[in-house]
Amino acid sequence: LRWYRARGRYDARVVAVRTYVDGQMVADPVECDPDKSSCELEIMVQIDEGAEIKTQSVSVETKAALGKDILEKIEKKLTVERNKRFDEHDYEADKATITEMLQDASYARAKVSGNVSIDRDQKIARVTYILEPGPACTFGTIKVEGNEDIPAQLITIAASIREGKAYSHELLVDAEAAIFALGAFSA
């Protein structure tokens, strides 16, 4: 039932459980006699999914000022939508997406939390994402250590990250891929 609740069906319940042995419904599965039966046990679970919880509202709150453009981009990326079935997976995925978006916008220490208020009687969810971007960050001094076969300058050129440039998680991922593409490092 947890799976149903995570997908906005908080009133899901098991209506009936039926047990069959060799195609015959039995009240109590007893030990079977392999000489008289294949001893095949089949269990049928009947579920009433109940009404789904619809998302009534979605809001984004910030603990620090963010530009209007980044907030608009974040709101456009959200997969939890008003008047749609609430889904915990989508909510958690949205928080990860927002964190990545903030990190790509120079907020290396960004944290995203939130709150979901479920009203089971009214069948609604109120969703709030809480953004703590932290300070805008830049890349500092680039140091290469532990290299033996490739000169440090070649590694820093491949990384393409310059001191003072705005931090971006995407740039780090690209730099790592470029460094591994040099062929002297193992993953």
Side-chain angles (χ1 to χ4, degrees), residues 2-3 5-10 52-119 123-147 149-187:
R2 176 69 188 115
W3 185 89
R5 290 185 180 105
R7 276 135 196 93
R9 297 200 178 261
Y10 285 80
E52 60 184 29
I53 300 289
K54 299 273 190 179
T55 304
Q56 181 186 47
S57 63
V58 179
S59 62
V60 177
E61 298 177 2
T62 63
K63 299 275 183 169
L66 281 173
K68 183 180 176 183
D69 58 329
I70 186 77
L71 286 173
E72 286 175 356
K73 286 179 186 176
I74 287 170
E75 288 175 357
K76 285 180 183 176
K77 280 282 192 181
L78 296 178
T79 59
V80 173
E81 299 178 63
R82 289 187 65 223
N83 301 318
K84 302 283 185 186
R85 179 178 48 83
F86 174 72
D87 189 306
E88 290 177 17
H89 176 268
D90 294 342
Y91 170 69
E92 292 300 329
D94 280 350
K95 291 193 300 184
T97 298
I98 294 168
T99 301
E100 188 174 299
M101 290 176 75
L102 289 171
Q103 288 175 342
D104 283 339
S106 82
Y107 300 99
R109 298 183 181 122
K111 294 179 186 172
V112 178
S113 59
N115 182 43
V116 178
S117 174
I118 303 287
D119 184 327
K123 309 290 185 239
I124 59 171
R126 293 176 192 92
V127 178
T128 305
Y129 297 95
I130 302 167
L131 286 51
E132 297 179 58
C137 297
T138 58
F139 288 105
T141 303
I142 310 299
K143 296 179 184 178
V144 177
E145 296 177 349
N147 55 309
D149 297 331
I150 296 182
Q153 184 179 9
L154 182 59
I155 295 169
T156 56
I157 289 170
S160 254
I161 295 176
R162 303 291 173 251
E163 185 175 340
K165 189 171 188 170
Y167 174 87
S168 167
H169 179 72
E170 185 177 3
L171 278 178
L172 281 182
V173 171
D174 291 347
E176 184 177 282
I179 292 168
F180 278 117
L182 293 172
F185 306 98
S186 60

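Numbering starts at 1 and runs along the sequence shown.
Between Ala105 and Ile70, the shortest heavy-atom distance links the atoms CB-CD1, 3.9 Å. Of all heavy-atom pairs between Ser113 and Glu132, the closest is OG-OE2, 4.4 Å. Here the closest non-hydrogen pair linking Arg109 and Cys137 is NH1-SG, 4.3 Å. Across every non-hydrogen atom of Thr99 and Ala110, the tightest pair is CG2-O, 4.0 Å. Closest approach of Ala158 and Ala178 over heavy atoms only: O-CB, 3.2 Å. What you find for Tyr10 and Glu88 is that their closest heavy atoms are OH-OE2, 3.2 Å.
Side-chain contact check for Thr128 and Asn115: no donor-acceptor pair (N or O, by modelled atom type) lies under 3.5 Å.
The side-chain heavy atoms of Tyr91 and Thr55, taken from C-beta on, include no pair separated by under 4.5 Å. Contact of the Asp90 side chain with the Lys84 side chain is not registered, since no non-hydrogen atoms from C-beta on lie closer than 4.5 Å. By the 4.5 Å heavy-atom criterion applied to side chains, Val112 and Asp94 are not counted as neighbours.
In this structure, CD1 in Ile179 is found 11.0 Å from CG in Asp174, a value given to the nearest 0.5 Å. Separation of atoms NZ (Lys111) and CD1 (Ile98) is listed at 16.0 Å; rounding is to 0.5 Å. Taking CG from Asp119 and NZ from Lys54, the interatomic distance works out to 15.5 Å, rounded to the nearest 0.5 Å. For the atom pair CD1 (Ile157) and CG (Leu182), the distance works out to 10.0 Å, reported to the nearest 0.5 Å. Atom CD of Glu52 sits about 10.5 Å away from atom CG of Asp87, to the nearest 0.5 Å. Distance check, rounded to the nearest 0.5 Å: CD of Glu72 to CG of Asp69 gives 7.5 Å.
For Tyr167 and Tyr107, the ring centers are positioned 6.0 Å apart or more.
Remark: the backbone N or O of Gln56 is paired with a side-chain donor or acceptor of Arg82 at under 3.5 angstrom. Checking side-chain atoms of Asp104 against main-chain N and O of His169 turns up a donor-acceptor pair under 3.5 Å. The main-chain N or O of Ile155 is never found under 3.5 Å from a side-chain atom of Asn147 such that the two would form a donor-acceptor pair.
Around CZ of Arg162, the count of heavy atoms belonging to other residues, nucleotides or ligands within 6.0 Å exceeds 12. More than 12 heavy-atom neighbours from other residues, nucleotides or ligands sit within 6.0 angstrom of NZ on Lys123.
Of the residues listed (Leu78, Val60, Val80), the one engaging Val127 in a side chain to side chain contact (heavy atoms under 4.5 Å, CB included) is Val80, and it is the only one.
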Ile150 vs Val144, side-chain contact (heavy atoms from CB on, under 4.5 Å): CA-CA, chis, key distance, verdict
CA-CA 10 Å; Ile150 296 182; Val144 177; over 6 Å; no
